[in-house]
Chemist: 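Pasting a structure here, questions to come.
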Amino acid sequence: MNEQNALTESEARPSNFVWDIVDEHNASGRFGGKVVTRFPPEPNGHLHIGHSKAISLDFGTAERYGGTCNLRFDDTNPVKEEQEYIDGIIEDIKWLGFDWGDRIYYASDYFQQLYQWAVQLIKQGVAYVDHLRADEIREYRGTLTEPGKNSPYRDRTVEENLKLFEQMKNGEIPDGGCVLRAKIDMASPNINLRDPVMYRILHESHPRTGDEWCIYPMYDWAHGQSDSIEGITHSICTLEFEDHRPLYDWFIDQLGIHHPQQIEFARLNLTYTIMSKRKLKQLVDEGHVSGWDDPRMPTLSGLRRRGYTPEAIRELCDTVGVAKSNSVVEVELLEHTIRQDLNRRALRRIAVLDPIKVVIVNYPKGMVEEMEMVNNPEDESAGTRKVLFSRELYIEREDFMEDPPRKFYRLSPGREVRLRYAYFITCTDVIKDVDGEIKEIHCTYDPETKGGNAPDGRKVKATLHWLSAPHAKTAEVRLYDRLFSTPEPGKDFLNDINPNSLEVLENCYIESALADAKAGEHYQFERTGYFYLDPDSTDDKPVFNRTVTLRDTWAKIQKKQG
RNA sequence: UGGGGAGUGGCCAAGUGGUAAGGCACCGGCCUUUGGAGCCGGGUAUCGAAGGUUCGAAUCCUUCCUCCCCAGCCA
């Protein structure tokens, strides 16, 4: 094994500003060369592709430096969180291919410790129970340009605060009756430092701690300490927490405990996509999609069902880089990474999505031949298979034009094309019904061209895929397109939903090898795209989801020609 | 108008004083039994702007402009 191959995926990646910081720490000995990270989701929804950038960075950083990465659920708000989401998140991260060993933690594991630390801060005189109503707290907080003012309850004695906090914990005070606040600085230009709320009263049962607590820590009070407890060295998070960092630093300094370094980076955004969990949940709740795993959703479960691979998603994350400027990556890059991956691995198969009948008039009635087809031109070990050929065939409706425009070089009257791995055929006739709709196309074939080559060296401009009509099986095919029709769906994202994001084709023909397609196997339907078996499939009718189309230069030409 | 961030070709993104990587997209061409894949070639990027320092600036200094985040008992 040479050195190149010995590099792990993360070591081979070009560096980024986060790793530069870690390098500096390692050089200065700040954390004794240790690297401990964590991925801290809130279980209030399912993971989406945006999260995969964070996951990739968190786990990738640990891997690159021989450290560890914990999975920790920041489950501090029982009104929004559910076990179902915890289970889904675990499944999704595993699917992406990351491993946290036995290091799965929950902020709720630390509720007792957090409570004790709150008592400590009260005793240190830097936390107090506030009886201002929520709207009063907001009013007292001031604005972006004006300082706030102190709560009249700010100077209660330590004893009184201790007693009141005890009552909060014991359930003697109703929801919203009061809160515990840090006593920092109501005039701070950083609003996060204007006496932030540490605990609120929520008589709500928690997915993990049940009814043990009726006070729950705010994220800002729980997150930094959770990192500290776990010995996190590098607490990687997104940009919006940048001005919370002084608060986390303040808590940790007051407590005198291990101090991680928080590093903020810009989250992943994609064109034609939304990444807000709130909005994704709305799409699900209002039935705009079939569920969190609708193949049009940017959720990991949706992408998985669509036929995306973990490798393609990780490749995207590696390719976009890590920086601090807000950015929107074009979804074409994702389409590129999935095509690149699937081109290597997908078995080629034949499916005629929008069939039209072709009769080979000079082909003997009743004759059937086996044509040998390559399973994957990118992988010789995938071998070949036999597909039946006969006098009556189906081809793709769009592969025939009676009056072809410039640059259309597929089948049209008088023109010769190749049927892939079969014969050259020439169109001799077009049969229409009373409405002028094309019913079938008559062709002749050249018996000398079996397999797809002419002994006389004659060339054709096009190669079409086909299926023997009496031998073809049927399937349902779901053609997915972008969920949104505008590159950056805005506030009124529901109006930006693409009405043509799903086209269901009920009567497609597939070759027999596809009739027993396996779940989890990726297929390329030759000349049309990559497809993946959907769980809605039944024994007598498989259902295929289109993952992504093949690159289509003809479509591009058509677009240009208007 | 308070505080915190960011501005490099269409989209990402390297570069950290020595004369602008790479990927995607786009446009040509070659090749081709997938109009797929592959291969070759193509961008004068006023490095947000203006001043300044320097032999030399995307990189240093000054001023300005634009965009993003923060006023939940959400995370």
Side-chain angles (χ1 to χ4, degrees), chain A residues 14-16 20 40-42 44 74 76-77 79-81 130 132-135 137-139 141-148 175-181 187-194 197-202 216 218-220 222-223 238-246 264 266 268 271 277-278 316 318-337 339-340 343-344 348 350 373-374 377-378 407-410 418-422 424 449 451-453 459-465 487 524-529 549-557:
Chain A
S15 193
N16 58 57
D20 291 344
E42 184 196 11
N44 66 342
D74 274 337
T76 55
N77 187 357
V79 330
K80 289 187 176 171
E81 297 154 6
D130 193 354
L132 248 27
R133 280 180 280 113
D135 61 303
I137 286 185
R138 189 182 333 118
E139 220 179 287
R141 188 152 32 223
T143 69
L144 294 178
T145 51
E146 304 159 61
D175 286 7
C178 57
V179 295
L180 184 73
R181 289 231 256 173
S188 173
N190 181 344
I191 289 182
N192 296 118
L193 263 20
R194 316 237 266 228
V197 172
M198 295 164 64
Y199 276 98
R200 75 284 218 188
I201 300 170
L202 250 29
Y216 290 94
M218 298 290 289
Y219 173 86
D220 278 349
H223 189 80
T238 43
L239 257 25
E240 68 270 28
F241 294 106
E242 209 149 15
D243 48 20
H244 291 236
R245 181 162 20 100
E264 309 86 7
L268 172 68
T271 54
K277 266 198 268 184
R278 199 208 97 232
L316 174 81
D318 291 352
T319 304
V320 297
V322 181
K324 294 195 71 149
S325 65
N326 290 113
S327 60
V328 184
V329 173
E330 291 175 332
V331 75
E332 284 85 348
L333 183 56
L334 207 215
E335 294 176 346
H336 168 259
T337 63
R339 285 190 184 112
Q340 179 181 257
N343 177 52
R344 278 196 306 258
R348 312 294 130 122
I350 305 298
M373 298 195 178
V374 174
E378 307 293 321
K407 289 196 174 173
F408 178 90
Y409 46 80
R410 274 111 97 143
R418 171 170 38 232
L419 292 181
R420 183 155 222 231
Y421 299 121
F424 283 13
T449 58
N453 281 309
K459 299 287 182 198
V460 288
K461 289 274 278 182
T463 300
L464 310 185
H465 60 281
Q524 182 195 99
F525 290 180
E526 293 218 28
R527 303 210 305 133
T528 74
T549 61
L550 252 27
R551 280 182 64 216
D552 189 346
T553 62
W554 168 237
K556 212 176 281 177
I557 291 167

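In this text, all values refer to a predicted model and were calculated from it rather than measured experimentally. Residue numbers begin at 1 in each chain, while the letters A, B, ... track the order of the sequences.
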Chemist: How long is the straight-line distance from CG of A:N192 back to CZ of A:F241, given to the nearest 0.5 Å?
Modeler: 10.0 Å
Chemist: Which pairs, protein N/O on one side and nucleotides 21-24 of chain B N/O on the other, fall under 3.5 Å?
Modeler:
unit_1: B:C24; atom_1: OP1; unit_2: A:H336; atom_2: NE2; d: 3.3

Chemist: What's the separation between atom CD in A:E146 and atom OG1 in A:T143, rounded to the nearest 0.5 Å?
Modeler: 3.5 Å
Chemist: Applying a 4.0 Å non-hydrogen cut-off, can you work out what A:A134 is touching in the nucleic acid: base, sugar-phosphate, or nothing?
Modeler: base
Chemist: With P as the reference atom in both, quote the distance from B:G5 to B:G56 in angstrom, rounded to an integer.
Modeler: 33 Å
Chemist: Within the structure, does a side-chain N or O atom of A:R200 lie under 4.0 Å from either OP1 or OP2 of B:C74?
Modeler: yes
Chemist: Could you measure between the two C1' atoms, the one in B:G7 and the one in B:A14, and give it in whole Å?
Modeler: 16 Å
Chemist: Contact between A:L316 and A:L333 at the side-chain level, heavy atoms closer than 4.5 Å - yes or no?
Modeler: yes
Chemist: Could you pick out which residue, A:K277 or A:R410, lies toward the 5' side of RNA chain B when each is mapped onto its nearest nucleotide?
Modeler: A:R410
Chemist: Charged N to carboxylate O under 4.0 angstrom, A:R551 versus A:E335?
Modeler: no
Chemist: Give the rounded distance in Å between these two atoms: CG of A:D220 and P of B:A75.
Modeler: 8 Å
Chemist: Consider the side chain of A:V329, meaning its heavy atoms from C-beta on, and name the nucleotide among B:C12, B:A75, B:A13 that approaches it most closely.
Modeler: B:C12
Chemist: Just by protein heavy atoms under 4.0 Å, how would nucleotides 64-72 of chain B read 5' to 3' in B, S and -?
Modeler: ----SBBBS
Chemist: Applying a 4.0 Å non-hydrogen cut-off, can you work out what A:T337 is touching in the nucleic acid: base, sugar-phosphate, or nothing?
Modeler: nothing
Chemist: Please tell me which of A:K324 and A:L550 maps to the more 5' nucleotide of RNA chain B, matching each residue to the nucleotide holding its nearest heavy atom.
Modeler: A:K324
Chemist: Once you apply a heavy-atom cut-off of 4.0 Å, does A:R133 come out as touching a base, just sugar-phosphate, or nothing?
Modeler: base
Chemist: In whole Å, measure the gap between the P atoms of B:U46 and B:U8 for me.
Modeler: 12 Å
Chemist: Before giving the answer on side-chain hydrogen bond (donor to acceptor under 3.5 Å, both in side chains), spell out for A:S188 and A:R194 the whole-Å C-alpha distance, their side-chain angles and the decisive distance to 0.1 Å.
Modeler: CA-CA 6 Å; A:S188 173; A:R194 316 237 266 228; 6.0 Å; no
Chemist: Take the angle between the ring planes of A:W554 and A:F408 and call it parallel below 30°, perpendicular above 60°, tilted in between.
Modeler: perpendicular
Chemist: Between A:L239 and A:K324, is the side-chain contact (heavy atoms from CB on, under 4.5 Å) condition met? List the steps.
Modeler: CA-CA 7 Å; A:L239 257 25; A:K324 294 195 71 149; 4.0 Å; yes
Chemist: Of all the nucleotides listed (B:C73, B:A75, B:A37), which has the minimum atom distance to the side chain of A:N343?
Modeler: B:A37
Chemist: Figure out the CD/C1' separation between A:E264 and B:A75, and round it to whole Å.
Modeler: 15 Å
Chemist: So, does A:D130 use its side chain to make a donor-acceptor pair with the main chain of A:L180 at under 3.5 Å?
Modeler: no
Chemist: Heavy atoms under 4.0 Å, any strand shown: does A:R339 hit a base, just sugar-phosphate, or nothing?
Modeler: nothing
Chemist: Indicate, with a heavy-atom threshold strictly under 4.0 Å, whether A:Y216 touches base, sugar-phosphate, or nothing.
Modeler: nothing
Chemist: Looking at every strand, decide which applies to A:N453 at a 4.0 Å heavy-atom threshold: base, sugar-phosphate, or nothing.
Modeler: base
Chemist: Does the side chain of A:T76 get closer than 4.0 angstrom to OP1 or OP2 of B:A75 through an N or O atom?
Modeler: yes
Chemist: Sort by first number and list every stem of RNA chain B: at least 3 consecutive Watson-Crick or G-U wobble pairs, both distances under 3.5 Å.
Modeler: B:2-7 with B:65-70, B:10-12 with B:22-24, B:26-30 with B:38-42, B:48-52 with B:60-64
Chemist: Using the C1' atom in both, what is the distance from B:G22 to B:A13, to the nearest Å?
Modeler: 8 Å
Chemist: Answer with base, sugar-phosphate or nothing: what part of the nucleic acid does A:I137 contact at a heavy-atom distance below 4.0 Å?
Modeler: base
Chemist: Heavy atoms only, 4.0 Å cut-off, all strands: where does A:E526 land among base, sugar-phosphate and nothing?
Modeler: base
Chemist: May I have the distance from A:L193 (atom CG) to B:G4 (atom P), rounded to whole angstrom?
Modeler: 12 Å
Chemist: When we call it a touch if two heavy atoms are under 4.0 Å apart, what does A:V328 touch: a base, just sugar-phosphate, or nothing?
Modeler: sugar-phosphate
Chemist: Expressed in angstrom and rounded to an integer, what is the separation of A:H465 atom NE2 from B:G36 atom C1'?
Modeler: 12 Å
Chemist: Using the C1' atom on both, measure B:G48 against B:U54 and round to a whole Å.
Modeler: 23 Å
Chemist: Using the C1' atom on both, measure B:C73 against B:C47 and round to a whole Å.
Modeler: 47 Å
Chemist: Between A:H465 and A:R420, is any side-chain donor less than 3.5 angstrom from a side-chain acceptor?
Modeler: no
Chemist: Contact class for A:Q524 (heavy atom, under 4.0 Å): base, sugar-phosphate, or nothing?
Modeler: base
Chemist: Could you check whether A:V179 gets within reach of a base, just the sugar-phosphate, or nothing at all, counting any heavy atom under 4.0 Å?
Modeler: base
Chemist: What's the gap between B:G43 and B:C27 when it is taken at their C1' atoms, as a whole Å value?
Modeler: 10 Å
Chemist: Would you check if A:L202 and A:Y216 make a side-chain contact, meaning some heavy-atom pair closer than 4.5 Å?
Modeler: yes
Chemist: Classify A:L132 by what it touches in the nucleic acid, base, sugar-phosphate, or nothing, heavy-atom distance under 4.0 Å.
Modeler: base
Chemist: Check every strand shown and say whether A:P246 touches a base, only sugar-phosphate, or nothing at a heavy-atom separation below 4.0 Å.
Modeler: nothing
Chemist: Over all strands shown, is A:R551 touching base, sugar-phosphate only, or nothing at heavy-atom distances under 4.0 angstrom?
Modeler: sugar-phosphate
Chemist: Nearest whole angstrom, please: distance from the P of B:C74 to the CG of A:N44.
Modeler: 13 Å
Chemist: Round to the nearest Å and state the distance from A:L316 atom CG to B:A25 atom C1'.
Modeler: 14 Å
Chemist: Taking the C1' atom in each of B:U53 and B:G18, what is the distance between them to the nearest angstrom?
Modeler: 16 Å
Chemist: Report the glycosidic orientation of B:G38: syn if within 90° of 0, anti in every other case.
Modeler: anti
Chemist: Taking OP1 and OP2 of B:C26, is either one under 4.0 Å from a side-chain nitrogen or oxygen of A:K556?
Modeler: yes
Chemist: Assess whether side-chain contact (heavy atoms from CB on, under 4.5 Å) is satisfied between A:E264 and A:E242, documenting all intermediate values.
Modeler: CA-CA 6 Å; A:E264 309 86 7; A:E242 209 149 15; 3.4 Å; yes
Chemist: Measure CD/A:E335 against C1'/B:C26 and give the value in whole Å, please.
Modeler: 15 Å
Chemist: A:D552 has an atom CG; how far is it from atom P of B:C26, in whole Å?
Modeler: 12 Å
